[in-house]
Every structure is written in structure tokens, then in C-alpha cells.
Amino acid sequence: MAPEKPSDFIREIITGDLETNKYEGRVHTRFPPEPNGYLHIGHAKSICLNFGIAGEFGGLCNLRFDDTNPTKEEVEYVESIKEDVRWLGFDWGDRLFYASDYFAQLYRFAVELIQKGKAYVCDLTADQIREYRGTLTTPGKESPYRNRPVEENLDLFARMKAGEFPDGSRTLRAKVDMASGNINMRDPVMYRILHAEHHRTGDQWCIYPMYDWAHGQCDSIECITHSICTLEFEDHRPLYDWFLDELRAYHPRQIEFARLNLSHTVLSKRKLIQLVREGHVRGWDDPRMPTISGFRRRGYTPEAIRNFCDRIGVAKRDSVVDIALLEHCLREDLNRRAPRVMAVLRPLRVIIDNYPEGVVEELEATNNPEDPGMGTRKVPFSRVLYIEREDFRETPPKEFYRLAPGREVRLRYAYFITCTGAVRDEKTGEVVELRCTYDPATRGGDSPDGRKVKATLHWVSAPHALQAEVRLYDHLFVKEDPGAMGEGEDFKSSLNPKSIETLTSCFVEPGLKAAAAGSRHQFERQGYFCVDPDSSGETLVFNRTVTLRDTWAKIEKAQKR
RNA sequence: UGGGGAGUCGUCCAAUGGCAGGACGGCAGACUCUGGAUCUGCUUAUAGGGGUUCGAAUCCUCUCUCCCCAGCCA
């Protein structure tokens, strides 16, 4: 139950650094998102790692927005990211930073490199730069502007900053090594001209630093001890070291780990933004999305997500974590805390023929068998009820031990009932109503004669039930790894057409009338559900967060095969 | 075919020269007023070859496979 203290190669490295007193005993990490989209579960892994490590080692973790590309970044994203990190349960204190806070400093650093002859203004077009860069197997060619005099570089760079040149006309490049096997070292662009409005600095700048130029210096400025990032930045590390060496600046230690992949979904901002923009989902917080806001709306708890992040571990090999593990963590948490309630999703009317008309009984029900402290409640019982349509079969298959003609079952917390007949619709032949009798001696659900029944059904009293809309969700993608596609195939081709099913005539216990948006309940025998923000006093709307484990469904599936 | 990484149960993570272990999943059973929860048991793995060693997942060596890099994205 309680997750052991996670340990991994990163924490081992940090422990080692502490032992050798490499950073005067400090541990200072940071979570550096680009505000160009909403955070997803992969970011949660990074957040839990960075903030978690800081917490465990008595250190600090900064929140820093990598806002170096004004054409893609927006305040809406900044706000959502702050909300999501907070919701996950982490606190950056007074250490909220932006790469844009350091634009002036970065500019001075660039001038310093120019003066050292380590950076130059290049007039090559983007296409030319690509040509000159060479390929994976052939070295690049040096730019004809590579050996411009320092004074000319200084003048041109100042005029780039002053806005004298159009977008794309020139860049500032680091003078490293065009023949390096590491393409990142082939005179990378440090600044590009972009006459774009920045969400924080407005029109103050028209040259913007590239990530590779900004990132290492930002970490250095903030005196980060351990710069934890994903694998693809492993071969950028030599460049970051080169910059810091040339600037004689403080070096954080960069450690790379494998990003999270989750089965049956995609975790790439490019793909997620596509799902949102093309309307395949209803927004970033669509409960089917693997975004933090999507999970929140779906009814996930921060505890479940954090526990999941602890359990998946941290390593350097690519992997795809089964979404079943996330769902397991969720159920484990919700099982402990979610109050139980009865709700009928696909109603079938039941008349108890021998129960007096007009009588209403209040029966006592347990709120959470896992936690007696959560008490009990009263649920109304009467002659006309709804039960789940799938809990009745006219000709029950093998191992189906719910209701069928002539069979006796228990209504949870109520009575034993026996089915005496099914009423059909004359035209369609569909069963529309069940006639049953009850045994008054079994009130509360116990039989004084010790008689057993094989099944216990959930139910609601028809005259007291509240109507509700319930949205059932399934995996967004049918394929386990939608990202792995063949030639010319689109990841959206494996979108699950049944990822959402909306049921509008569901009935829930009257006690749910005032349920607050976001509140979570277990609908007994079915799953965990939470109140969607679309819910109003008029219509209750629930999202199915996750189903309960369903043994019968498995048996039935096996029987069909 | 340059450079950088990675290969352990179906999946994820351990084992840091000394009995390959845990979790999830799956299967079987016990229990149960949720076919839930809980409990018990079972299942299956060191990419391949050679070498060092009393002993190798771990060290050496060759091979194979997979991932990342040729944005004025991050």
C-alpha cells in the first residue's frame, strides 16, 4: 500500500554529490516548462521528480518558464501550468522565474562571446544554414561570415537588437566546430530576429535567444545543482558545457532520464494540440486527455498521480508504461476515500407487486465499507424501482447469477426479491418492466432463515430518483502505442471511436442532489464517478473516472471466445 | 555508413562479481450484502556469440536490435 521511498540512478548521483560535497551540500532543481500547451502526465513525472528530490534532500525546486519563443507561447498556458503544478501538490515558494527575466543578461553574455571571438553574426538564410550544416555522416562547411571582425559583429548584433533588420535576415551563431560529429556543435544559432510580441516583455525585444543558448545559462544563473532533463538533450550537454566554459560560469550537473510513454494515448504536445485544434476532443481538459487538467476533470486525484509517478521509476531506457498501472493507483486511492452511492445507468423498471402502494421506507446504507468513520445514510425504498438493465437476463448464461425469471437476489441494503415475470413492449419485444415479489422478513438485506442469494444488485427508488447525465469514457486510442505508425499513417487513425458514450437517462440516489462539482463517488458495482463542471441544479452530469474491476465482464468475454 | 544513448518476466522497475526480486497485468482459489475491496497461490525474463572468474545480468570482446540528433522549435 504505502509506496517505499523511491530510489533511482538520479537520486544515487545526488547522494554521491552530497557525499563529496560537490555543491556545498546544496540540492537545487527546477521544473522548466515551455508555456506552449497544457501539462500532461509526462510532465507530472518530471514535476514529481524535481520537486520530490528537492523535498527529500532538503533542497529547493524552482518553477521556470522557458519562454524564449513568443510565437508559440501564451499567458493562458502559463496560468494553466501554475494551476496544475499547485494541484499536483507542489510549491515553488517565491521562486517563480521566466527565461525572459534573463534576456538582458543573456544579451550581455552574447556580447561577451562576440568579444572573445566565439560568436558571430551570420547572414546566411535558413536554407543556406541547413546546407552548410552538412549531414549526419558528412561534416559541415564554415559560413562565409564566420570570420567577420569582432567590431563588425558587435555593430551588427547591436543593430539586430535595435530592429534594423527584418525577421530571418541574420542570426547570431556560436563559433564552435562545423566538423563535429555532434551536429549541435556545428555553429548553432544563438539568436534569431523575431519581431513578435512576447507575453511578458512585449515589444521590448526583436531578437530572441534559442533554447540551446538560453537554457544552460538560466540554470547557471539560478545556481541549479542538478539539471534534470529528458534523453534527447544528452547530446546538447557538450554545447551547454562549451557555453558555460567560455563564459567561465557556474556549471550545474545535467542528468538525463527517459520520458514517460503511456499505453493507449499520446504524450507529445504537438499531437495533443492537434487533437484539441481539430476538435477530436472538447479541449485541453477533456476527460479523455492525458493532460493534468483532463485527469483532474475526469476525477483523478493528485495523490493517485503522484503515487503512479513514484511507482513507474526513473531510468534511461525507453519504455511504455501500461495505463492499467495508472488506473490501479487511482482505484487504490478512490477505494479508500470515495463514498459509495447507488446509481442506475441503464434503467429497467421493477414493480414489487406485494409491496404496499404509497409506502416509503428509509433504509440504512454504509457510506464506505473501507472506512466506517464515514458513517451511514438513509436511502428511500418504495414499490417501484429501477435496476440495471444488464442485471436481468431472461435466459441467463452459465455463471450469470443475477436476476432472471424465478430467481431470487438481494437488493443492496433492502430486501430479497424474486422475479415473477417480464413485461415486453408489444412492438419491439424488448423487456420494459419486471414484476417481482419481496420477502418482508429480509428487510435490510439479511435473511433470518440463513437463506443465501448469489447476487446483490444496486437499485434506486423510482419516485425519489434524480435524473442524471453520465459520460462514460474509454481509452482515447485503440492501439497500445498510437505513436508507432507505419509509413504515411496518421496517429489519429487509431483514435477510439467509442472513447466517450453519453447516457442521459440515468437515475441516482436523491442524496446526490447537492453534490459539488468535482466531488467523487463510487457508484456501487460500477465505478468511480465525479461531478462534471457542466453539472447544474437543473441537470446533474457525472464523468466516469474509472470502472471497478469487472470479473463478470471477463467471464462473459471468455465465454464468447 | 557520423555523434550520443539503451537492451532483465506480457509491462514497468530492482539486483552495483555471490540464490534474478518487487509492482502491474494474466490465471486459479478463499472470503464477501459491491462479481468491488481484501487474502493466498501460480505464471514468465538477463538480445546473441566468445572470453575472464570458484562464481557473470554485472567485467572484457565481437555481433545484433531499438531510440535520439541534420528547426532561425523546446
Side-chain angles (χ1 to χ4, degrees), chain A residues 3-4 6-8 12 32-34 36 66 68-69 71-73 122 124-126 129-131 133-140 167-173 179-186 188-194 207-208 210-212 214-215 229-238 256 258 263 269-270 311-322 324-329 331-332 335-336 340 342 365-366 369-370 399-402 410-414 416 442 444-447 453-458 480 522-527 547-555:
Chain A
E4 314 91 66
S7 187
D8 50 67
E12 277 171 22
E34 184 192 12
N36 68 342
D66 251 317
T68 55
N69 185 355
T71 64
K72 289 189 176 161
E73 297 147 6
C122 183
L124 254 27
T125 64
I129 286 184
R130 189 179 316 119
E131 279 171 36
R133 186 152 36 222
T135 69
L136 294 180
T137 50
T138 59
D167 287 4
S169 58
R170 282 179 227 266
T171 56
L172 182 75
R173 295 228 258 162
S180 174
N182 181 348
I183 290 177
N184 296 301
M185 303 300 269
R186 318 240 264 231
V189 171
M190 294 165 63
Y191 277 95
R192 72 285 216 189
I193 300 172
L194 234 41
I207 55 171
Y208 289 93
M210 296 290 291
Y211 174 86
D212 272 353
H215 195 78
C229 64
T230 44
L231 255 26
E232 67 269 28
F233 294 105
E234 209 149 11
D235 45 9
H236 293 237
R237 181 156 29 100
E256 306 85 6
S263 70
K269 274 199 208 170
R270 208 199 90 242
R311 288 217 217 176
I312 55 177
V314 183
K316 293 194 72 153
R317 75 181 84 111
D318 297 307
S319 60
V320 182
V321 176
D322 194 335
L325 179 59
L326 212 210
E327 293 173 345
H328 168 81
C329 293
R331 290 191 184 103
E332 187 177 70
N335 177 49
R336 277 192 292 255
R340 317 279 126 128
M342 291 195 284
T366 303
E370 297 295 316
E399 289 186 84
F400 179 92
Y401 47 78
R402 275 111 98 144
R410 170 169 38 234
L411 291 180
R412 178 138 235 226
Y413 301 124
F416 283 16
T442 58
D446 292 305
S447 58
V453 285
K454 290 273 280 185
T456 299
L457 309 187
H458 60 276
E480 236 178 69
Q522 184 196 98
F523 288 0
E524 290 215 28
R525 303 209 301 138
Q526 308 197 89
T547 61
L548 248 28
R549 286 188 57 204
D550 190 346
T551 307
W552 166 242
K554 265 184 216 168
I555 295 169

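As the structure is a computational prediction, the values presented were derived from the model and not from experiment. Proteins come first, then strands; the chains are lettered A, B, ... in the order of their sequence lines, and each starts at number 1.
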* To do: Check whether any side-chain nitrogen or oxygen of A/Arg331 sits under 4.0 Å from OP1 or OP2 of B/U38, and answer yes or no.
  => no
* Counting only distance, no hydrogens or angles, is the base of B/G4 paired donor-acceptor with the side chain of A/Arg237 under 3.5 Å? -> no
* In whole angstrom, give me the gap between the C1' atoms of B/A20 and B/A15. => 7 Å
* Rounded to whole angstrom, note down the C1' distance from B/C69 over to B/U1. => 16 Å
* P spacing across the pair B/C54 / B/U40, given as an integer number of angstrom -> 43 Å
* **Distance below 4.0 Å between A/Arg340 side-chain N/O and B/G36 OP1 or OP2** => no
* Partner of B/U16 by Watson-Crick or G-U wobble geometry, both contacts under 3.5 Å, or none? -> none
* Quick one: label A/Phe233 by what it contacts on the DNA or RNA (base, sugar-phosphate, nothing), any heavy atom closer than 4.0 Å. => base
* Asked: Nearest to the side chain of A/Thr551 - B/G35, B/G2, B/A74?
  -> B/G35
* Counterpart base for B/U32, defined by Watson-Crick or G-U wobble contacts under 3.5 Å -> none
* What integer number of Å spans the P atoms of B/C27 and B/G36? -> 13 Å
* **Residue that, paired with A/Asp212, satisfies side chain to side chain contact (heavy atoms under 4.5 Å, CB included) out of A/Asn184, A/Thr68, A/Val189** => A/Asn184
Can you pull every protein N or O that's under 3.5 Å from an N or O on nucleotides 41-48 of chain B?
none

* To do: Assess whether one donor atom and one acceptor atom, taken from the side chain of A/Glu232 and the base of B/G5, lie less than 3.5 Å apart.
  => no
* Asked: OP1 or OP2 of B/C72 less than 4.0 angstrom from a side-chain nitrogen or oxygen of A/Arg133, does that happen here?
  -> yes
* So what does A/Asp167 hit on the nucleic acid, given a heavy-atom distance under 4.0 Å: a base, only sugar-phosphate, or nothing? -> nothing
* Asked: What class does the angle between the rings of A/Phe233 and A/Tyr211 fall in, given that below 30° is parallel, 30 to 60° is tilted and above 60° is perpendicular?
  -> tilted
* To do: Please work out if A/Pro238 contacts a base, only the sugar-phosphate, or nothing of the nucleic acid, heavy-atom cut-off 4.0 Å.
  => nothing
* To do: May I ask which nucleotide in the shown strands pairs with B/U44, Watson-Crick or G-U wobble, both distances under 3.5 Å?
  => none
* Phosphate oxygens OP1/OP2 of B/A74: is one of them under 4.0 Å from a side-chain N or O of A/Thr68? -> yes
* To do: Scan A/Glu327 against the nucleic acid and name what it touches under 4.0 Å (heavy atoms): base, sugar-phosphate only, or nothing.
  => nothing
* To do: Verify the contact: side-chain N or O of A/His328 to OP1 or OP2 of B/C24, cut-off strictly under 4.0 Å; return yes or no.
  => yes
* Minimum-distance nucleotide (side-chain atoms of A/Arg525 versus B/G25, B/G35, B/A74) -> B/G35
* To do: Take atom C1' in B/A14 and the same atom in B/C24, then report the distance between them in whole Å.
  => 15 Å
* **Proximal nucleotide (of B/A37, B/G35, B/G4) relative to the A/Arg402 side chain** => B/G35
* What is the nucleic acid contact for A/Leu124, judged by heavy atoms within less than 4.0 Å: base, sugar-phosphate only, or nothing? -> base
* Paired with B/C72 by Watson-Crick or G-U wobble geometry, both distances under 3.5 Å: which nucleotide is it? -> none
* Let me have a per-nucleotide readout for nucleotides 9-17 of chain B, 5' to 3', with B, S or -, counting only protein heavy atoms under 4.0 Å. => --SSSS-B-
* Structure fact -> For B/C66, the nucleotide meeting Watson-Crick or G-U wobble distances (both under 3.5 Å) is B/G5
* Pairwise P distance, B/A6 and B/A23 [rounded to whole Å] -> 28 Å
* Asked: Under 4.0 Å between a side-chain N or O of A/Lys554 and OP1 or OP2 of B/G26?
  -> yes
* Asked: Between A/Lys72 and A/Glu34, is there a side-chain N and carboxylate O pair less than 4.0 Å apart?
  -> no
* Can you tell me, in whole Å, how much space there is between the P of B/C9 and that of B/G48? => 10 Å
* Hey, could you give me the CG/CD1 distance between A/Leu172 and A/Ile193, rounded to the nearest 0.5 Å? => 10.0 Å
* **Which nucleotide in B/C73, B/U1, B/G5 has an atom nearest any side-chain atom of A/Lys72** => B/C73
* **A/Glu370 side-chain proximity, nearest of B/A37, B/G3, B/A74** => B/A37
* Asked: For B/C72, does OP1 or OP2 lie under 4.0 Å from any side-chain N or O of A/Arg130?
  -> no
* Pick the C1' atom in B/A57 and in B/G21, then give their distance to the nearest Å. => 13 Å
* Asked: Should A/Arg270 be listed as having a side-chain N or O under 4.0 Å from OP1 or OP2 of B/A74?
  -> no
* Asked: Nearest of B/G2, B/A74, B/U34 to any side-chain atom of A/Glu524?
  -> B/U34
* Nearest to side-chain heavy atoms of A/Asp235, which nucleotide of B/G3, B/U1, B/A70 -> B/G3
* According to the Watson-Crick and G-U wobble definitions, with both distances under 3.5 Å, which nucleotide is paired to B/U11? -> B/A23
